Amino acid sequence: MNGLSDPTMPRPRLDPASFQERLLAWFDQHGRKNLPWQQAISPYRVWLSETMLQQTQVATVIPYFQAFTESFPTVEALAAAPIDEVLRHWAGLGYYARARNLHKAAQRIAELGGFPDTLEGLMALPGIGQSTAGAILSIAFNNSHPILDGNVKRVLTRLNAIGGWPGQSQVSKSLWALSAELTPSVRAAEYTQAIMDLGATLCTRSKPLCLACPVSADCQAYRQGNVSAYPSRKPPKTLPIKACFLLLLYTPDQRIYLEKRPPTGIWGGLWSLPEFAALNAAEDWCLSRNLLIKQRHSLASKRHTFSHYHLDYTPLLVQIENPTNNVMEAEQALWYNSAQISGLGLPAPIKTLLQQFNTDY
DNA sequence: AAAACGGGGAA
DNA sequence: TTCCCAGTTTT
């Protein structure tokens, strides 16, 4: 036990002034200060770089930023440019709605006669939310405003061992509160750059360099030896539900109609029951084959869960009079003796269904 | 193969 | 309010 991970150790109170001091001292010594958007700092250049960096790594952004600012050196130039020209400069960065927002916002800023210098004014522009607005205000205007981009979320969830997915509103709320608490009123611009830098270069998603971190003494996740647990992952989204009818066609002598599934996709190449999206599609299928239906009823629906969706299937039991071979379709279908189902490659839920059918009928 | 990224807009 | 999405890169 190295003491660092002893959960019974009392938590030292996080002191914002001390945190800021160590972070800024680290930034002074190790921070990145030569990135293109850190030169000739202006609201326009900060806004543009923040927008580009939302989705892309620094190294990728640099040439785009340079080409973009060369063609559109000011927000007025951007506003005056045709949208096609703007999109052409964005090509390859993805999220093209952002280029359109950028252009739209530039036109509004031009109409206003300059950049808004308030949170509300900035957030009223398309494509600028609270975090981007905070970055512009702190970096370009040196006003004290918190930000909460992906890097800062990672730093702060680790710092206070804040569990739960940051996209959750309650978690996001505590992160904003912590970000605000830690943002100093002096050196706001440098602080904002510093905490983003820390997240980008030391407090990385994987293999964080905690031994080089200036604030590891404040870091609850580090003390717990649990840094990689933060931030919590986005919960897997609820799976979509697909529904179908499975036709269990059987003869008086207990033979069952099976079809070979196409080689790719779900249950590729396995033998299974004919599958229909709708009841009348199943009926049509029987009618078109001139099957004489002796009796029919459906069983209760069941659910089978795949990695990416739920399949709710309703078995349709249809007994036919004539065990003909006119439903045979080359090598793709067969009548199978229901007492010997184990010899074929059957999907698990189909196998279960057939076993149940065997027992009950 | 899956997660991450910040904001907009649909539900 | 909450949920879902966009495109590309990284893991």
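Remember, predicted model here, so these are calculated numbers, not experimental data. The figures that follow rest on heavy atoms only: side chains count, while hydrogens, waters and symmetry mates do not.
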Under 4.0 Å, counting only non-hydrogen atoms across every strand here, what does [X] touch: a base, just sugar-phosphate, or nothing?
| X | answer |
| --- | --- |
| I128(A) | sugar-phosphate |
| I147(A) | nothing |
| T51(A) | nothing |
| K207(A) | nothing |

Looking only at side-chain atoms of [X], point me to the closest of [options].
| X | options | result |
| --- | --- | --- |
| R233(A) | dA6(C), dT11(C), dA3(B) | dA3(B) |
| R205(A) | dA4(B), dG7(B), dA6(C) | dA4(B) |
| S169(A) | dA4(B), dT2(C), dT9(C) | dT2(C) |

Nearest whole angstrom, please: distance from the [atom2] of [N] to the [atom1] of [X].
| X | N | atom1 | atom2 | answer |
| --- | --- | --- | --- | --- |
| W90(A) | dA6(C) | CH2 | P | 18 Å |
| Q170(A) | dC3(C) | CD | P | 13 Å |
| L125(A) | dG8(B) | CG | P | 9 Å |
| Q168(A) | dA4(B) | CD | P | 14 Å |
| M52(A) | dC5(B) | CE | C1' | 16 Å |

Look at [X] and [N] and indicate whether a side-chain polar atom (N or O) is within less than 4.0 Å of OP1 or OP2.
| X | N | value |
| --- | --- | --- |
| Q57(A) | dT10(C) | yes |
| Y96(A) | dT8(C) | yes |
| T132(A) | dG7(B) | yes |
| R154(A) | dC5(B) | yes |

Exercise. Please test D28(A) against R187(A) for salt bridge (charged side-chain N to carboxylate O under 4.0 Å, His left out), starting from the C-alpha separation and ending with a verdict.
Key: CA-CA 12 Å; D28(A) 288 339; R187(A) 297 190 70 185; 2.7 Å; yes
Quiz item: Looking only at atom C1', what distance separates dG8(B) and dT9(C), rounded to whole Å?
Solution: 22 Å
Practice problem: Tell me, yes or no, whether the heavy-atom count around Q254(A) atom CD, taken from other residues, nucleotides or ligands under 6.0 Å, exceeds 12. | Solution: yes
Practice problem: Check whether more than 12 heavy atoms from other residues, nucleotides or ligands sit under 6.0 Å from atom CD of Q39(A), and answer yes or no. | Solution: yes
Self-check item: Comparing S206(A) and A91(A) on DNA chain C - which has the more 5′ nearest nucleotide
Solution: A91(A)
Quiz item: Mapping W165(A) and W176(A) onto DNA chain B by nearest heavy atom, which one lands closer to the 5' end?
Solution: W165(A)
Quiz prompt | F357(A) ring center near Y250(A) ring center (under 6.0 Å) | solution = yes
Exercise. Please confirm whether W47(A) and F68(A) have ring centers closer than 6.0 angstrom.
Key: no
